[in-house]
*Asks:* 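After the structure tokens below, expect a handful of questions from me.
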Amino acid sequence: MSAETPARKKLFVKTYGCQMNVYDSTRMADALAPEGYDEAATPEEADLVLLNTCHIREKAAEKVYSDLGRIKKMAEARKAEGGAGILVGVAGCVAQAEGAEILRRQPMVDFVVGPQAYHRLPELVREARAPGPKRVDTDFPVEDKFEALPKIPRRQTGPTAFLTVQEGCDKFCAFCVVPYTRGAEYSRPVAKLLAEAEALVASGAREITLLGQNVNAYHGEGPEGEIWGLARLLEALAAMEGILRLRYVTSHPRDMSEDLIAAHGSIAKLMPYLHLPVQAGSDKILKAMNRKHTAAEYVAIIDRCRAARPDLAVSGDFIVGFPGETEADFQDTLALVARVGYAQAYSFAYSPRPGTPAADLPQVSEAEKSDRLQRLQALLVKQQQDFAQSRLGMEVEVLLERVGRKPGQMVGRSPWLQGVHLDAPAALMGRIVRAKITEVRANSLAAEMIDAEASAA
Ligand code: SAH
Ligand code: SF4
Ligand code: F3S
């Protein structure tokens, strides 16, 4: 920073896509704080707007351009009123995938920065403020990013926190852009992660969700140079007193190792909730997707996890209408869903992505895709409702995360990631209380607190 401290400025970050982008957005704000940027609540009050974008499906990627159009109008209106200019940066996976093309499609953008170059944001912003050519920074040295970002997150806004432990993907599923936008698999060293977890706990985090595009492929360097898997990392984190709950997302069935499955039974702090995408139930389609496992192998993994932790709730991702998917293949997906029983699920119509192998194959019609998606979602919604209903009358532990809208109300989460509303003193924020589920609502549960002393944190 220069000798004269710059006046504080306002930054607005809009996050699209997955939880890794949510984590990255907080880290980008961390990186820009020393440059004089505080976070703004709306883009209208911002001097710098960053769009942290997602390229996973066409709709997600196109949304960026419509948002840029709106920001352009806002900037023009501000200028007409004699107000200050606005800097606009495009970050995230669209930035990585499209690079300079973004500047061509929307010339009001000042700079483009890929997910592995966030540590250079201060420099990019300083350059963007000065006249000169626009920068597109989509270099890939992932180690540098974690090394050069501020060592610990600056602030933590509640009892739950994300921690990226692994980034990138070497699986190359035939439909997916992630290996191209996030690069090769990289696992952060254990010591760095334990230090970041300690800092998160010191600033109020009680539940930590470990993030990775393939988080269960984690293989980071341990303190003595040996390689740790995810199960060992979870064990070390569970030994930290301030941590009450642990979760991890997203996993690939191929990396569901025996010790990780066993960890679901042996680590009490590891929540009984597993997000394990399968994408499809037909072996032919799984093969064409390059998933490297069969439907039966997936079901067997779920069974083993449930044997280790009987109250485990399972969540999944599905794609319908992958090239070559017939009605019979789709029926296999429905059968797999019926067999597994999902507490939660995300399902999508296949979206051909430029540069991925499946994009060039003969496509299933849009009408068939949307018909299958509707039928699949009907089944998944029914399963979700049944799961929620099965909690009625149950005594559960709720981690209180925030103050509710009604006076005296708090909102927390059940072990199965369900939002729970209950009356409790605000002083119990960040604590786990015991509560009885009294009502199942559309997207949450209502409960009565029965014991405020479920945790000693
Ligand atoms: N790493 C995770 C998830 C990656 S993206 C995994 O391995 O499962 C999140 C989800 O988006 C995927 O699980 C998949 O269901 C969906 N998805 C990815 N590419 C897609 C595409 N081209 N069209 C439709 N859905 C897609
Ligand atoms: Fe994409 Fe497959 Fe990698 Fe998941 S495992 S990020 S779906 S390529
Ligand atoms: Fe989207 Fe990139 Fe995440 S494509 S899903 S933001 S890794």
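One-based numbering, in listed order, for ligands and for the atoms of each.
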*Asks:* Would you mind telling me if ligand 1 is within reach of the side chain of I319, the backbone, both or neither, using heavy atoms under 4.0 Å?
*Replies:* side chain
*Asks:* How far is atom 1 (Fe) of ligand 2 from the closest protein heavy atom, and which atom is that?
*Replies:*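 Answer for atom 1 (Fe) of ligand 2: C176 SG, 2.3 Å.
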*Asks:* Side chain or backbone of T250 under 4.0 Å from ligand 2, or both, or neither, by non-hydrogen atoms?
*Replies:*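 The answer is neither; T250 stays 4.0 Å or more away.
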*Asks:* Identify, for atom 3 (Fe) of ligand 3, the protein heavy atom at the shortest distance, and state residue, atom and that distance.
*Replies:* C18 SG, 2.3 Å
*Asks:* Tell me whether R353 forms a cation-pi arrangement with F175, defined as NZ or CZ under 6.0 Å from the six-membered ring centre and within 45 degrees of its axis.
*Replies:* no
*Asks:* Among side-chain atoms of Q331 and E327, is any donor-acceptor pair under 3.5 angstrom?
*Replies:* yes
*Asks:* For R57, take its heavy atoms, then give the atoms of ligand 1 lying under 4.0 Å from any of them.
*Replies:* 11 (O), 16 (C), 17 (N), 23 (N), 24 (C), 25 (N), 26 (C)
*Asks:* Using a strict cut-off of less than 4.0 Å between a Lys/Arg side-chain nitrogen and an Asp/Glu carboxylate oxygen, indicate whether K171 and D255 qualify as a salt bridge.
*Replies:* yes
*Asks:* Flag the pair R247 and E207 as a salt bridge only when some basic side-chain nitrogen lies within less than 4.0 angstrom of an acidic carboxylate oxygen.
*Replies:*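 Here R247 pairs with E207 in a salt bridge, since their nearest N and O are under 4.0 Å apart.
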*Asks:* Atoms of ligand 3 less than 4.0 Å from C54 heavy atoms?
*Replies:* 1 (Fe), 4 (S), 5 (S), 6 (S)
*Asks:* Are D303 and R339 close enough for a salt bridge, meaning some N to O gap below 4.0 Å?
*Replies:* yes
*Asks:* Between K171 and ligand 1, which part of the residue brings a heavy atom under 4.0 Å of the ligand: side chain, backbone, both or neither?
*Replies:* neither
*Asks:* Looking at atom 4 (C) of ligand 1, is any protein heavy atom nearer than 4.0 Å to it?
*Replies:*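 No; the ligand atom in question lacks any protein heavy-atom contact below 4.0 Å.
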*Asks:* Checking a contact table here: which protein heavy atom is nearest atom 21 (C) of ligand 1, and how many Å away?
*Replies:* S351 O, 3.6 Å
*Asks:* Is D38 reaching over with its side chain to a backbone N or O of A33, donor-acceptor style, under 3.5 angstrom?
*Replies:* no
*Asks:* May I ask you to list the atoms of ligand 2 that are less than 4.0 angstrom from any heavy atom of F172?
*Replies:* 8 (S)
*Asks:* Please state which protein non-hydrogen atom is closest to atom 6 (S) of ligand 3 and give its distance, to 0.1 Å?
*Replies:* N21 ND2, 3.2 Å
*Asks:* Please list the nearest protein heavy atom to atom 7 (S) of ligand 3 with its residue and the distance rounded to 0.1 Å.
*Replies:* Q213 NE2, 3.3 Å
*Asks:* Output the list of atoms in ligand 2 that are nearer than 4.0 Å to some heavy atom of K171, sorted by atom number.
*Replies:*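 This gives 3 (Fe), 5 (S) as the contact atoms.
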*Asks:* Under 2.8 Å from atom 3 (Fe) of ligand 2, is there any N, O or S atom belonging to H252?
*Replies:*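 H252 does not place any N, O or S atom closer than 2.8 Å to atom 3 (Fe) of ligand 2.
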*Asks:* Please classify the F175 to ligand 2 contact at 4.0 Å (heavy-atom distances, strictly less than): side chain, backbone, both or neither.
*Replies:*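 Just the side chain.
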*Asks:* Check contact between R182 and ligand 2, using heavy atoms of the residue and a distance below 4.0 angstrom.
*Replies:* no
*Asks:* Taking only Lys NZ, Arg NE, NH1 and NH2, and the carboxylate oxygens of Asp or Glu, determine whether E397 and R413 approach each other closer than 4.0 Å.
*Replies:* no
*Asks:* Record the part of M20 in heavy-atom contact with ligand 3 below 4.0 Å; permitted values are side chain, backbone, both and neither.
*Replies:*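 It is neither part, as no heavy atom is under 4.0 Å.
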*Asks:* Is a side-chain donor or acceptor of Y118 paired with a backbone partner of G92 at a separation under 3.5 angstrom?
*Replies:*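 Checking the backbone N and O of G92 against the side chain of Y118, a donor-acceptor pair under 3.5 Å is found.
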*Asks:* Please could you name the atoms of ligand 1 that D317 approaches to less than 4.0 Å, counting only its heavy atoms?
*Replies:*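 Selected atoms, number and element: 9 (C), 10 (C), 12 (C), 13 (O), 15 (O).
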*Asks:* I'd like to know if the side chain of Q213 and the backbone of G168 have a donor-acceptor N/O pair within less than 3.5 Å.
*Replies:* yes
*Asks:* Can you tell which of V178, N214, T181 gets a heavy atom nearest to atom 5 (S) of ligand 2?
*Replies:*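 Minimum heavy-atom distance to atom 5 (S) of ligand 2 goes to N214.
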*Asks:* Which option wins on minimum heavy-atom distance to atom 8 (S) of ligand 2: G212, C173, C18?
*Replies:* C173
*Asks:* Starting from atom 3 (Fe) of ligand 2, what is the nearest protein heavy atom, named by residue and atom, and what distance separates them?
*Replies:* C169 SG, 2.2 Å
*Asks:* Could you tell me whether D24 and R27 have a side-chain N and a carboxylate O separated by less than 4.0 Å?
*Replies:*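 Salt bridge absent between D24 and R27.
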*Asks:* Compute the centroid of each ring, for Y342 and then for F318, and state whether the two points are separated by less than 6.0 Å.
*Replies:* yes
*Asks:* What part of P352, side chain from CB on, backbone N/CA/C/O, both or neither, has a heavy atom under 4.0 Å from ligand 1?
*Replies:* neither
*Asks:* Above 12 or not: heavy atoms from other molecules or residues under 6.0 Å from CZ of R375?
*Replies:*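 Yes, enclosed.
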*Asks:* Can you list the ligand 1 atoms lying under 4.0 Å from a non-hydrogen atom of Q213?
*Replies:*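 Listed by number with element, the hits are 1 (N), 2 (C).
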*Asks:* Ligand 2 versus P179, non-hydrogen atoms closer than 4.0 Å: side chain, backbone, both, neither?
*Replies:*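 The part of P179 near ligand 2 is the side chain, not the backbone.
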*Asks:* Under a 4.0 Å threshold between the charged nitrogen and the carboxylate oxygen, would D137 count as salt-bridged to R120?
*Replies:* yes
*Asks:* What residue and atom, counting heavy atoms only, is the protein's closest point to atom 7 (O) of ligand 1, and at what distance?
*Replies:*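 Answer for atom 7 (O) of ligand 1: R291 NH1, 3.9 Å.
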*Asks:* For atom 4 (S) of ligand 3, which protein heavy atom lies nearest, and how many Å away is it?
*Replies:*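 Ranking protein heavy atoms by distance from atom 4 (S) of ligand 3, first comes H55 N, 3.3 Å.
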*Asks:* Any Lys/Arg nitrogen of E62 or K59 sitting under 4.0 Å from an Asp/Glu carboxylate oxygen of the other?
*Replies:*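 Judged by the 4.0 Å cut-off on N to carboxylate O distance, E62 and K59 do not form a salt bridge.
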*Asks:* Are the ring centres of Y218 and H252 closer than 6.0 Å?
*Replies:*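 No, the ring of Y218 stays outside the 6.0 Å limit from the ring of H252, centre to centre.
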*Asks:* Please determine if R232 and E226 form a salt bridge, counting it only when a charged side-chain N lies under 4.0 Å from a carboxylate O.
*Replies:* yes
*Asks:* To check your reading of the model: name the closest protein heavy atom to atom 8 (O) of ligand 1, its residue, and the distance in Å.
*Replies:* P277 CG, 3.2 Å
*Asks:* Return the closest protein heavy atom for atom 2 (Fe) of ligand 3 as residue, atom name and distance.
*Replies:* C93 SG, 2.2 Å
*Asks:* What about R353: any of its N or O atoms under 3.5 Å from an N or O on ligand 1?
*Replies:* no
*Asks:* Provide, to 0.1 Å, the distance between atom 14 (C) of ligand 1 and the closest protein heavy atom, together with that atom's residue and name.
*Replies:*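 Scanning the protein heavy atoms, the shortest distance from atom 14 (C) of ligand 1 goes to Q279 OE1, 3.3 Å.
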*Asks:* Just checking, is any N or O donor in the side chain of E58 or S351 under 3.5 Å from an acceptor N or O on the other one?
*Replies:* no
*Asks:* How far is atom 2 (C) of ligand 1 from the closest protein heavy atom, and which atom is that?
*Replies:* T250 CG2, 3.4 Å
*Asks:* Within ligand 2, which atoms have a heavy atom of R291 less than 4.0 Å away?
*Replies:*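 Once the distances to R291 are compared, the set is 2 (Fe), 7 (S).
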*Asks:* Taking E196 first and then K192, would you say they form a salt bridge - that is, a charged N and a carboxylate O separated by under 4.0 Å?
*Replies:*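 Between K192 and E196 there is no salt bridge, as every charged N stays at least 4.0 Å from the carboxylate O atoms.
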*Asks:* Would you kindly check if the NZ (Lys) or CZ (Arg) of R57 is within the cone defined by 45 degrees around the ring axis of F348 and under 6.0 Å from the six-membered ring centre?
*Replies:* yes
*Asks:* Quick one: does any side-chain atom of E235 pair with a main-chain N or O of I267 as donor and acceptor, under 3.5 Å?
*Replies:*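 Side chain of E235 to backbone of I267, a donor-acceptor pair under 3.5 Å: no, none is there.
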*Asks:* To check your reading of the model: name the closest protein heavy atom to atom 18 (C) of ligand 1, its residue, and the distance in Å.
*Replies:* I56 CG1, 3.4 Å
*Asks:* Any non-hydrogen atom of C169 lying under 4.0 Å from ligand 1?
*Replies:* no
*Asks:* Where's the contact between F175 and ligand 1, heavy-atom distance under 4.0 Å: side chain, backbone, both or neither?
*Replies:* both
